[in-house]
Amino acid sequence: MLQQTPVVRVLPVWHEWLKRWPTPAALAGEPAGEAVRAWGRLGYPRRALRLHAAAAAITQDHSGKVPDTYPELLALPGVGGYTAAAVASFAYGRRETVVDTNIRRVHARLISGTALPAPALTAAEMRLAASLLPADDASSVRWNAAVMELGALVCTARAPKCAACPVNDLCAWRAAGEPPPSYVPKGQAWHGTDRQVRGAVVAVLRQAETPVPPDMFFHEPADLGFAPTGIGVPLAALHRLNSAPEQLERALTGLLADGLAEMHDGGYRLPA
DNA sequence: CAAACGTGGAT
DNA sequence: TATCCAAGTTT
C-alpha cells in the first residue's frame, strides 16, 4: 500500500484491511475483486490484485506465514527490491539494504552533494547504501529507519528543513552551496490520458454490484436512464472526461489483460 | 531500460 | 489553477 503512496493516506485503509483480513489466508479466501474494492481510492489498483496474489502464494507456499528472507519475499507478486528489504529489515530484524525514495534523496544530498537522486535507482546508489549500512543486525534496522525518517521529515523533496537537520554540518549538498538539480524531473501528464480513463472505469467497476454492459461505458448515463446516484456517480464522472471511444476501448481491454476486470454475462466486472 | 501505472494533499 | 510528488513494480 505504501508503494508510491503517502503513509497518511494508507493508514485508514490499512486498518480496515487488517480488521477484515487478519491473515494472508483470510485475504486469499476471498475473490481478488474484493481486494480491489477494499483498496478504495489508494491508486494503482493492480497493487491490490498483487497483494491478493501474494496472500495466496503465502498461504500455499509458506504455510500462511509471511516469509522472512529477502529472496523469498522478492519472489512474491508485487514485491520488489525495496519491499523485500523493508519487510526483512523492519518486520524481521534482518540486515538488508533498504533503499526507498527518502533514503535515495538523503544520500544524494548528504553524500553525493546533489539536489536530487538520479531519475531511476542505479547500481552505484545501491552500492553506496550497502557500504553505509552498519554491520550488526539491530543497528542496520535502526539505520534504515533513521535515514528513511530523516528523508521523510527533514530532508524533504520540496523545502528541506536544513536548519533542523541533525547532520547539516556533514551535508555535501549544503557545503557545495545547494546547487540546483542537474535535470528537470518530468511530471506525469494526467488530464486526457489513458490512465485517467482507466481510473474512471475502475471506479465504475468498484461501485457496480452486477456486470456492467459495454453500452454503459460508451453512452451517456442520462440517455440510459441512470440517476446520479450509486453507479451513476462514477459513470457520470467517466463521461465527463469525454474520452474518445478508442481510448475507452484501450482502457477496457487493458483492464481485462491485467486481470483487473473480467467479462461475465456480457458485462465487465471486477474479478470474482 | 523507458514507459505504464492512480490519487489527492500541498505549494 | 497548475505542478509536484509520495515506503515502487512490472513489462
Side-chain angles (χ1 to χ4, degrees), chain A residues 1-14 36-37 39-54 57 70 73-91 96-108 115-123 125-126 129 141 143-153 155-161 180-181 183-206 234 237-238 241 247 250-261:
Chain A
M1 288 177 176
L2 290 165
Q3 291 166 2
Q4 295 280 282
T5 306
V7 64
V8 289
R9 196 178 307 163
V10 164
L11 280 175
V13 181
W14 178 66
V36 176
R37 276 212 175 80
W39 195 255
R41 304 185 61 79
L42 278 185
Y44 293 143
R46 55 176 55 182
R47 292 180 297 165
L49 219 49
R50 290 178 180 146
L51 188 47
H52 180 270
Y70 181 88
L73 287 161
L74 189 61
L76 296 172
V79 176
Y82 158 72
T83 303
V87 172
S89 174
F90 300 134
E96 295 293 346
T97 305
V98 175
V99 179
D100 79 323
T101 189
N102 295 300
I103 291 177
R104 293 186 64 212
R105 189 174 52 249
V106 170
H107 289 170
L116 296 174
L121 180 59
T122 65
E125 281 180 273
M126 276 311 294
V141 173
W143 175 265
N144 283 330
V147 179
M148 196 178 301
E149 290 304 289
L150 183 65
L153 302 177
C155 195
T156 53
R158 210 78 64 93
K161 303 166 179 63
Y183 68 96
V184 243
K186 51 173 184 191
Q188 323 171 332
W190 176 246
H191 291 287
T193 62
D194 284 10
R195 279 166 108 163
Q196 187 184 30
V197 175
R198 192 176 141 119
V201 169
V202 172
V204 171
L205 297 182
R206 236 176 2 235
L238 170 63
L241 299 181
Q247 194 172 33
R250 275 200 302 278
L252 289 168
T253 55
L255 290 172
L256 288 177
D258 290 347
L260 267 168

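In what follows, chains carry the letters A, B, and so on, assigned in the order in which the sequence lines appear, proteins first and then strands, with residues in each chain numbered from 1.
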For A/W190 and C/dT1, what is the distance between atoms CH2 and C1' respectively, to the nearest whole Å? 18 Å
Assign A/Q188 to base, sugar-phosphate, or nothing according to its heavy-atom contacts below 4.0 angstrom with the strands shown. base
A/V8 near the nucleic acid: base, sugar-phosphate alone, or nothing, with a heavy-atom cut-off under 4.0 Å? nothing
Separation of A/L11 atom CG from C/dA6 atom P, in whole Å? 17 Å
P gap between C/dA7 and B/dA4, integer Å: 24 Å
So, does the side chain of A/R46 form a donor-acceptor pair with the base of B/dC5 at under 3.5 Å? no
Which part of the nucleic acid does A/G80 contact within heavy-atom distance under 4.0 Å: base, sugar-phosphate only, or nothing? sugar-phosphate
Looking at every strand, decide which applies to A/I103 at a 4.0 Å heavy-atom threshold: base, sugar-phosphate, or nothing. nothing
Which one, C/dA7, B/dG6, B/dC5, comes nearest to the side chain of A/D194? B/dC5
Using a cut-off of less than 4.0 Å, is there contact between a side-chain N or O of A/R41 and OP1 or OP2 of B/dG8? yes
In whole angstrom, what separates A/M126's CE from C/dG8's P? 14 Å
Do side-chain atoms of A/R104 reach the backbone of A/A120 as a donor and acceptor pair under 3.5 angstrom? yes
Categorize A/G254 for me: base, sugar-phosphate, or nothing, with a 4.0 angstrom heavy-atom threshold over every strand shown. nothing
Phosphate-side-chain proximity, A/T101 and C/dA6, N/O vs OP1/OP2 below 4.0 Å: yes
Comparing nearest nucleotides in DNA chain B, the 5'-proximal residue of the pair A/P6, A/R158 is A/P6
Hey, is the side chain of A/R50 poking within less than 4.0 Å of OP1 or OP2 on C/dG8, counting only N and O atoms? no
Would you mind reporting whether A/V99 and A/Y82 have side-chain heavy atoms less than 4.5 Å apart? no
Could you check whether A/R198 gets within reach of a base, just the sugar-phosphate, or nothing at all, counting any heavy atom under 4.0 Å? sugar-phosphate
Is the shortest side-chain N/O distance from A/T5 to OP1 or OP2 of C/dG8 below 4.0 Å? no
Within this structure, what is the CZ-to-C1' distance between A/R9 and C/dG8, rounded to whole angstrom? 15 Å
Does a side-chain N or O of A/K186 approach OP1 or OP2 of B/dA3 to a distance below 4.0 Å, or not? yes
What's the CG-C1' distance between A/N102 and C/dC5, to the nearest Å? 11 Å
What does A/A157 touch in the nucleic acid at a heavy-atom separation under 4.0 angstrom: a base, only the sugar-phosphate, or nothing? sugar-phosphate
First encountered from the 5' end of DNA chain C, between A/G78 and A/G151: A/G151
Compare side-chain N and O positions of A/R47 against OP1 and OP2 of C/dT9 and report whether any pair is under 4.0 Å apart. no
Gap in Å between the two P atoms, one belonging to C/dT11 and one to B/dG6, rounded: 14 Å
Here's a test of your reading of the structure: between A/L74 and A/L2, which maps to the more 5' nucleotide of DNA chain C? A/L2
Heavy atoms, side chains only, cut-off 4.5 Å: are A/V36 and A/H52 in contact? no
Nearest whole angstrom, please: distance from the P of C/dC5 to the CD of A/Q4. 12 Å
Would you give the length of the straight line joining atom CG of A/N144 to atom CD1 of A/I103, rounded to the nearest 0.5 angstrom? 5.5 Å
Please figure out whether A/A120 or A/A200 has its closest DNA chain B nucleotide nearer the 5' end. A/A120
First locate atom CG of A/L260, then atom CZ of A/R198, and finally report the distance between them rounded to the nearest 0.5 Å. 5.5 Å
Residue pair A/T83 / A/V87, side-chain heavy-atom distance below 4.5 Å: yes
Over how many whole Å does the gap from A/L42 atom CG to B/dG8 atom C1' extend? 11 Å
Is the phosphate of C/dT9 approached by A/Q3 (side-chain N or O, under 4.0 Å from OP1 or OP2)? yes
Is A/R105 touching bases, backbone alone, or none of the nucleic acid, heavy atoms closer than 4.0 Å? sugar-phosphate
Between B/dC5 (P) and A/W39 (CH2): distance, integer Å: 17 Å
Checking the side chain of A/Q3 only, and the main-chain atoms of A/Y44 only, is there a donor and an acceptor separated by less than 3.5 Å? no
